[in-house]
Structures are given as structure tokens and as C-alpha cells.
Amino acid sequence: MNSTNDAVEQVTLYEKWRKIYPLSLYGGWQRWRRVVLSFLVGIYYAGPWLRLDGDPMFWFNLPERKFVFFGVTFFPQEFVLLSWILMMAAFLLFTVTVLAGRVFCGWACPQTVWTLVYFFIEQKVEGERNQRLRLDRGPWNRNRIVRKGIKYILWAGVAFSISFTFVAYFDTPQVLIERILTLSLAGWEWFWLLFLAGASFLFSGVLREQVCFHMCPYARFQSVMFDRDTLIISYDENRGEPRGHRPRRHLEDSPRGGDCVDCKLCVHACPTGIDIRDGLQYQCIACAACIDACNGIMEQLGQAPNLIRYSSQHRDKGEEVTWKRPRLFGYAAVLMAICSGFVFMLTNRVPLELDIIRDRGRLYREHWDGSVENTYQLKIINREETVRQYTLTAEADFPFELKTRKGELVEVQPGKQLTMIADLVAMTDPEQPANRPVHFIVETVGEPHFIVREPSRFLQPSEPRE
Ligand code: SF4
Ligand code: SF4
């Protein structure tokens, strides 16, 4: 609070929430944006229903601890692949940001996608920008109550469809529908259905651009990735200024000269409510709505389009665009390296695992004939969606005998593990160390390249028995 003589000025530290009523635009970039966003929404909704050979294509089956992704089953032991996917996504985002700025925000971010869906409903129920403004500024009469009621009911439907689809990725849609109809949902299912529906309604329906302004960390740090050739949405100041409102017939001989007629349509079209003519701002999500709005006006005035356009800082200053961009090549190189590593791991993935635990009760058992026996507990895990038979063998640089109670050919059900006891028997050899390496080998019958070879130790007494 400042006080000078009798004048008191109050400075508030909190910005008042100003509801934004963006214009609806249909042509230009917005048409392509709708195509992309519809495609993404379609993928999200279709995901849990897609099937491959009768099995779900995407299924995060927590009770059985298996995750089906594009029809391939992964188990928790393979979560390292998930970290690779996350790294790839992060570096893809960084690379795209250096190249095309905040194109992810305006074209693919879930918050933007769902906000457009909620906005579409609002616009259909409450009308275009001016009608919505009139409705909100008018009294709470029957018309307003009915329209708001219908809008919120439809929003709730969208919110529930989003949370239903999300939970269906874990349950499968068929099981989820059955549980809803029989009111037999588990606690976690209730929680996620209600929590996600509420979060979607609040963030994408009510808060909208406030999420981008105040909650999204990416909006804050993405500018550090920009270079002077990053694609940005910018207003051509040289052409547009000095701006001024004037009728079409005076455009040519206007003493003010600039092409911008200060109609403010670009501001009214902006879903974040900013004026792009003030320069690049962190609130800009690169949705290109201002480009379409301005191009519409330029067309009506018979002027060239792209007073607001996709550009770059170099281009804005009339400087030469360069491809010598160390930041871009740095991110792209890391992305390529991670992608190559991921592809290598995926193509060399063996859907089979062998865990070996030595008998902790006794290190070894000595027999009357001078032989020594070591006991191991083996766990063979079948990471495929089909029944598999495996052969078990062992390797060592000394003669031994492998004994198992289940035989050396075993069968393991899909996604299950088989625990078996194996004994290695060898003659005591005082010339050899007390602790020698052995390897157990499990090979898939019919798929010899699916083979694992795990090391263990064979122990014998360090001193021969008297
Ligand atoms: S300034 Fe233009 S591109 Fe940026 S958010 Fe507003 S309308 Fe979209
Ligand atoms: S839409 Fe174009 S002409 Fe109208 S105010 Fe914006 S920049 Fe100026």
C-alpha cells in the first residue's frame, strides 16, 4: 500500500480471475487443429477397446502384474523399458520445442485437447462469444439456468467418459461396465472414476487457461529451450504499425500506414486472452487462433494475409535463418541415441526369466562316496501370453550331474512362474577351489533364441574329509 499525502493506492498481489470468452473459429489452422485433436481424442477413447488376436491391445493389468502395450506383454521386471519410453518422450518434447516452440501446448497437450471439447459443448449450448457474454452478464433467469444446467450435465458426461476410459485401461471396458451395472466396483475404481472426472471437469471445463498460467511447469521453463530460429507466433510489427481503426476505403491513403486496423479480433480469439501484438508472452500456447482471426480480417480488407504468422526471432528481424543450431542438434542426437538403445533392447528382449536362489539352509551336502551335492531353487518366469515348454541344463568346467524332481523339460503357463528344486552333484576335488562357477541354462522349446543363461556357484569343502 502506497500513501502520498491523502492519496492511497492499493496494490494487490493477486490477479483477479478474468473469465475469457474466446471467439469460435473454423477455418485455416483451426481446421487442422480440430483434425489433430479429434484424432488424439479418438485414440484415447478407442484404446481400451482395441484387440489383437482376441486380447486387449492396451491393458495395464495390476492384479496379475502385467502390462500389454501394442499387444506385447511386459512384466514389472521390465519396467526399465518404461523409463526408456519416458526419456524418449522427454527428449522428443525438448527437440520439438526447439524446432517448433510450444506446438505441443496448442496442438497435443491433454489439457488443451479436453479444454476444446468442453469449450465446444459450451459454445453449442450457450452460443457464440457475444451470446455467452450476454448470458453471463444477464440475470439468473430461466434461460440462463436451463443453459447452464444443460452445459454442466453434458460436461459431467464428458468428465465421466474420460475417467471411465482411463479406468478401462486397467480393467478392460467389458469388466468395468459389468462392475458398474452390478455395483460391484472396488474402492480404487470408485476413487479413480470420481477423482479423474472431478479433476477433468475442474481443470479443463472450469479453470482452462488458468492451468497453463499457474499450474503447468512446462509453460515456465520451455522458453529456455528456444533459440532464435524456434518457430513462434508473432505479429509483424513493421507491417502492422502504426495500428489504427479506419474504414476499408481509407486503407490505401491512410496517413497512419500500418495494416493493423486494431479490430482486436486476435485478442478476442485468443483462448488465453493475451494480445500477441505486445510480443511473445509465456501465456501463448501457439494455438494459431490469432493467425486465423487476423487472416479473416485481412481477407475482408483485401490485404495480404499473415500479419500475424508463424515466424522466428531471426525472421522477425529480417536476419538469415540458420540450420547451425547446436541446441537442436544436441537434443536430436540424444533422442536418436535413446531411440536406438530402446529399439535394441526391444528387439533383443527375451520373454523369459530365470532366478536362482541357493539353498541357504546348507551350503552343500557330502555323500559317503566322496561326492558333494549343492541345492538350488530355480524360478522360471514365462513372460509370454502363450504356454511354453523349457529345457533346463547346466554348464561347468568340471564333471557333474544335474538332478531335478520335475525333469529337465518343464511347462510354464502364460505370465506365470514355475518354482523347482535342482541339485548339482560332483565329486569332491581337493585340487579345485572350494567355490567354483556354474551356469544354469533355460531354453524355450521351438524358440531357441529365447534362451537365458544365469550364473551361480558350486561349493565343496575346502579340506577333503578324513
Ligand atoms: S496469442 Fe495467438 S497463438 Fe498464442 S495463445 Fe493467443 S491465440 Fe493462441
Ligand atoms: S486481428 Fe489483425 S488487424 Fe485486428 S487487431 Fe489483431 S493484428 Fe490488428
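Just so you know, ligand 1 is whichever comes first in the structure, and atom 1 is the first atom listed for that ligand. Note that this is a predicted model, so its numbers are computed, not measured.
- Heavy atoms of A269 found under 4.0 angstrom from ligand 1: none, in either backbone or side chain.
- In terms of protein heavy-atom proximity, atom 5 (S) of ligand 2 is closest to K264 N, 3.2 Å.
- Listed by atom number, the atoms of ligand 2 under 4.0 Å from R277 heavy atoms are 5 (S), 7 (S).
- Close approach to I276 involves these atoms of ligand 1, each under 4.0 Å from a residue heavy atom: 1 (S).
- S312 and R228 form no side-chain donor-acceptor contact under 3.5 Å, judged by distance and modelled atom types alone.
- The atoms of ligand 1 that sit less than 4.0 Å from any heavy atom of C290 are 1 (S), 2 (Fe), 3 (S), 7 (S).
- Closest to atom 8 (Fe) of ligand 2, if we only count protein heavy atoms, is C260 SG, 2.3 Å.
- Numbered from 1 in the order shown, with element, the atoms of ligand 2 that lie under 4.0 Å from a heavy atom of M298 read 3 (S).
- Not a single N, O or S atom of C263, from either the backbone or the side chain, sits less than 2.8 Å from atom 2 (Fe) of ligand 2.
- A ring-centre distance under 6.0 Å is found for W155 and Y152.
- If you number the atoms of ligand 1 from 1 as listed, the ones under 4.0 Å from a heavy atom of A286 come out as 3 (S), 4 (Fe).
- Distances below 4.0 Å separate heavy atoms of I308 from the following atoms of ligand 2: 7 (S).
- In summary, the atoms of ligand 1 found under 4.0 Å from a heavy atom of P271, numbered by their order in the structure, are 7 (S).
- When hydrogens are left out, the protein atom nearest atom 2 (Fe) of ligand 2 is C294 SG, 2.4 Å; that is the closest non-hydrogen contact.
- Using a cut-off of 2.8 Å, one finds that C266 contributes no N/O/S atom close to atom 4 (Fe) of ligand 2.
- The closest donor-acceptor contact from the side chain of Q111 to the backbone of F203 lies under 3.5 Å.
- For M345, the CE atom sits in a packed shell: over 12 heavy atoms of surrounding residues, nucleotides or ligands are nearer than 6.0 Å.
- W140 carries R144 over the face of its six-membered ring, with the cationic atom under 6.0 Å from the centre and within 45° of the normal.
- Looking only at protein heavy atoms, the nearest one to atom 4 (Fe) of ligand 1 is C284 SG, 2.3 Å.
- Shown in contact with C270 at under 4.0 Å from a heavy atom are these atoms of ligand 1, numbered in order with element: 1 (S), 5 (S), 6 (Fe), 7 (S).
- Contacts between I291 and ligand 1, counted as non-hydrogen atom pairs separated by less than 4.0 Å, are absent for every part of the residue.
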- Message: For E241 and R277: C-alpha separation, side-chain torsions, deciding distance, then whether salt bridge (charged side-chain N to carboxylate O under 4.0 Å, His left out) applies.
- Response: CA-CA 10 Å; E241 299 297 321; R277 295 172 301 169; 5.8 Å; no

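- Summarising the local packing, CH2 of W190 is surrounded by 12 or fewer heavy atoms from other residues, nucleotides or ligands at distances under 6.0 Å.
- Taking the centre and axis of the six-membered ring of F74, the NZ or CZ atom of R349 falls inside the cone set by 45° and 6.0 Å.
- Under the 3.5 Å distance criterion, the side-chain polar atoms of R102 are left unmatched by any main-chain donor or acceptor of I285.
- With respect to atom 3 (S) of ligand 2, the closest heavy atom belonging to the protein is V261 N, 3.6 Å.
- Numbered from 1 in the order shown, with element, the atoms of ligand 1 that lie under 4.0 Å from a heavy atom of I285 read 4 (Fe), 5 (S).
- Looking only at distances, no side-chain donor or acceptor of R388 sits under 3.5 Å from a matching main-chain atom of V410.
- Checking side-chain atoms of N306 against main-chain N and O of R309 turns up no donor-acceptor pair under 3.5 Å.
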